[in-house]
Visitor: 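Can you keep this structure in mind? I'll have questions shortly.
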Amino acid sequence: MNAAVAMAELIEGLSRPEKMISPKYFYDERGSKLFEKITELPEYYPTETELGIMRDNIDEMADLIGPQASLIEFGSGSSLKTRILLEHLHEQAVYVPVDISEDHLHETAEQIRADFPGLEVLPVVADFTHPFALPNPTVMPRRNIVYFPGSTIGNFTHDAAHELLQVMYEEAGEDGALLIGVDLQKDPAIIEAAYNDSAGVTAEFDLNMLRHLNREFDADFNLDAFSHRAEYDPDEGRIEMRLISGEWQQVSLGDREIVIEEDEAILTEYSHKYTLEGFAEMAAKAGFNVAKVWTDAERLFSVQYCERP
Ligand code: SAH
Ligand code: AVI
C-alpha cells in the first residue's frame, strides 16, 4: 500500500474519540511469525478446528470446487490450510495467495512452489481492503475460487465485511465461488481464553503492532508502557482487543503529535463470531448463496461454500 495513504489512515484512526489502529498493522515479518505461534497455542481453538473440518470433508470440497480451478486466497499467511486443498483438488491449475506481509508471503510462496511442482503460484502483495489487480495465469482456469480461511472475515465490522464479500463476489466471477472459514458464537469463556493465552503470545502479537509502526512509520510509542486486553462483548458477538497505555505519552507520527493519556486504550482488533444464520444473511447481501456448511462436532467453527446464484 502507498505509504502516504497508510500514514493518513493511521492518523485518522488515532484521531478518533476512541483511538484505533487497523489489525492489518499486526503483520510485519515478526507479526506473521507471532500469528503462526498463536495458531499452535492450546487455547487458540480456531486453527486446529478448521484444519480438522478441512481434513474431514476435503473430498466433498474438492468435488464442489471441480477441476482446473484458480484458488485466490485472501490473507494467505502461512498457507497451512491451503495445503490440504492443494493436495486434493482435481488438476489444480493456479494458486494466487494475496497478503500484506510481503516477506512472509514470498517465503511461503517459495515453499508451496517447491512442494507442488506444476502448480502456477502467483503471489500478490496487496492490502485487500483497497483495489488491487490480479495476475493473469498462463493457462486459463475453468473457474475462480476465492478462499478466505481463518475467520479473518471476523476482523472486519459488519459493514466492512459486507464490502469485502462484494469484492470477493466480483473476483469470483460468474461461475466462481467462495470457500470461507467463519468462527462461531459459543461459550464466551472459550473465546476469551483464546485471546488471553497463558503463554502471553497474543499480548506480544498485539504489542508488535506498535513495534511495527515505530520501525516502519518512524513512530515512537513507548512499548513498555502498554498492556494487552481482550474482552468478549456478547451483545456485539465479538472479541475486542485493546492496548492500554499505563502512562501519559506523546507519540510522533508523520507530522503529528498524538497524545495518549494514562490508562487510555487503543482499539487494535475486533474478532467477530457469527451464528450460521447471521453469516448467511450477510453473504446473501453480497450476492452469495451459502450452498454448504461444514462444522466440527462441537460447532466451534465453520467452513462455508458460497455460490453465486
Ligand atoms: N489465512 C491464514 C492466516 C490468517 S492471519 C490462516 O487461516 O491461518 C490473517 C492474514 O491476513 C495475515 O497473513 C495477514 O498478513 C493478512 N492480512 C490481514 N489484513 C490484510 C489486508 N488488509 N490485506 C492483505 N492481507 C491482510
Ligand atoms: C487473523 N484473525 C482471524 C485472528 C483472530 O482470531 O481474529 C487474529 C488474532 N488475533 C488474536 N489472536 C489471533
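Numbering of ligands and ligand atoms starts at 1, following listing order. Only heavy atoms go into these numbers, but all of them, side chains included; no hydrogens, no water, no symmetry mates. When a residue number appears, it is its place in the shown sequence, counting from 1. What you see is a predicted model, and the numbers here were worked out from it, not measured in a lab.
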Visitor: Can you tell which part of Tyr27 has a heavy atom less than 4.0 Å from ligand 2: side chain, backbone, both or neither?
Guide: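 Looking at Tyr27 and ligand 2, just side chain atoms fall under 4.0 Å.
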Visitor: Can you confirm, on distance only, whether ligand 2 has an N/O atom lying under 3.5 Å from any N/O atom belonging to Asn155?
Guide: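 Between Asn155 and ligand 2, an N or O pair is found under 3.5 Å apart.
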Visitor: Evaluate Tyr195 for polar contact with ligand 2, using N/O atom pairs at a separation under 3.5 Å.
Guide: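 By distance alone, the answer is yes.
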Visitor: Indicate the ring-plane relationship of Tyr274 and His158, choosing parallel, tilted or perpendicular according to the 30° and 60° boundaries.
Guide: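 Tyr274 vs His158 ring planes: perpendicular.
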Visitor: Taking the six-membered ring for Trp and the full ring for Phe, Tyr or His, determine whether the centres of Tyr169 and Phe288 are under 6.0 Å apart.
Guide: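 Yes; Phe288 has its ring centre under 6.0 Å from that of Tyr169.
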Visitor: Counting each atom of ligand 2 from 1 as listed, which ones have a heavy atom of Met241 under 4.0 Å away?
Guide: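 With Met241 as reference, the close atoms of ligand 2 come out as 11 (C).
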Visitor: So, taking the atom named OH in Tyr195 and the one named OG1 in Thr202, what distance separates them when rounded to the nearest 0.5 Å?
Guide: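 Taking OH in Tyr195 and OG1 in Thr202, the distance rounds to 8.5 Å.
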Visitor: Assign the ring pair Phe74 / Phe128 to parallel, tilted or perpendicular, where the plane angle (0 to 90°) is split at 30° and 60°.
Guide: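 Rings of Phe74 and Phe128: tilted, 30 to 60°.
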Visitor: To the closest 0.5 Å, what do you measure between CG (Asp224) and CD (Gln249)?
Guide: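 Going from CG on Asp224 over to CD on Gln249, the span is 10.0 Å.
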Visitor: Quick one: does Pro46 get within less than 4.0 Å of ligand 2, heavy atoms only?
Guide: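 Pro46: no contact with ligand 2 (<4.0 Å).
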Visitor: Side chains of Ser101 and Ser32: do they bring a donor and an acceptor to under 3.5 Å?
Guide: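 Judged by distance alone, the side chains do pair up.
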Visitor: For ligand 1, what is the set of protein residues having any non-hydrogen atom at a distance below 4.0 Å?
Guide: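 For ligand 1, the contacting residues are Lys24, Tyr27, Phe35, Glu73, Gly75, Ser76, Gly77, Lys81, Asp99, Ile100, Ser101, Ala126, Asp127, Phe128, Thr129, Pro149, Gly150, Thr152.
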Visitor: Taking distance alone, with no angle check, do Tyr44 and ligand 2 share an N/O pair under 3.5 Å?
Guide: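 Yes, Tyr44 has an N/O under 3.5 Å of an N/O on ligand 2.
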Visitor: Any nitrogen or oxygen of Glu269, side chain or backbone, less than 3.5 Å from one on ligand 2?
Guide: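 Checking ligand 2 against Glu269, an N or O pair does fall under 3.5 Å apart.
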Visitor: Assess the side chains of His90 and Asp63: does a donor N or O sit below 3.5 Å from an acceptor N or O?
Guide: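 Indeed, the side chains of His90 and Asp63 share at least one donor-acceptor pair under 3.5 Å.
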Visitor: Going by the order shown, which atoms of ligand 2 are within less than 4.0 Å of some heavy atom of Ser151?
Guide: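 Close to Ser151: 3 (C).
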Visitor: Ignoring angles and geometry beyond distance, decide whether Ser271 reaches within less than 3.5 Å of ligand 2 through its nitrogen or oxygen atoms.
Guide: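 Min N/O separation from ligand 2 is below 3.5 Å for Ser271.
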Visitor: Would you say Gly154 touches ligand 2, if touching means a heavy atom closer than 4.0 Å?
Guide: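 Contact check Gly154 vs ligand 2: negative.
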Visitor: Yes or no: does Phe205 have any heavy atom under 4.0 Å from an atom of ligand 2?
Guide: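 Yes; Phe205 lies near enough to ligand 2 that a heavy-atom distance drops under 4.0 Å.
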Visitor: Please determine, by modelled atom types, if Asn208 and Asp28 share a side-chain donor-acceptor pair under 3.5 angstrom.
Guide: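 The answer is yes; a qualifying pair exists.
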Visitor: For the residue pair Thr157 and His162, confirm or rule out a side-chain donor-acceptor distance under 3.5 Å.
Guide: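 There is no such pair (donor and acceptor under 3.5 Å, judged by atom type) between the side chains of Thr157 and His162.
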Visitor: Regarding Glu120 and Thr138, is there a side-chain donor-to-acceptor distance under 3.5 Å anywhere?
Guide: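 Yes, a side-chain donor-acceptor pair sits under 3.5 Å.
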Visitor: Enter the distance from Gln185:CD to Thr275:OG1 here, rounded to the nearest 0.5 Å.
Guide: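 That separation rounds to 5.5 Å.
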Visitor: Which of the atoms of ligand 2 are close to Gly150, meaning less than 4.0 Å from one of its heavy atoms?
Guide: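 Ligand 2 atoms under the 4.0 Å threshold to Gly150: 3 (C).
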Visitor: Are Tyr45 and Lys186 close enough that a side-chain donor and a side-chain acceptor fall under 3.5 Å?
Guide: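 On atom types as modelled, these side chains qualify, holding a pair under 3.5 Å.
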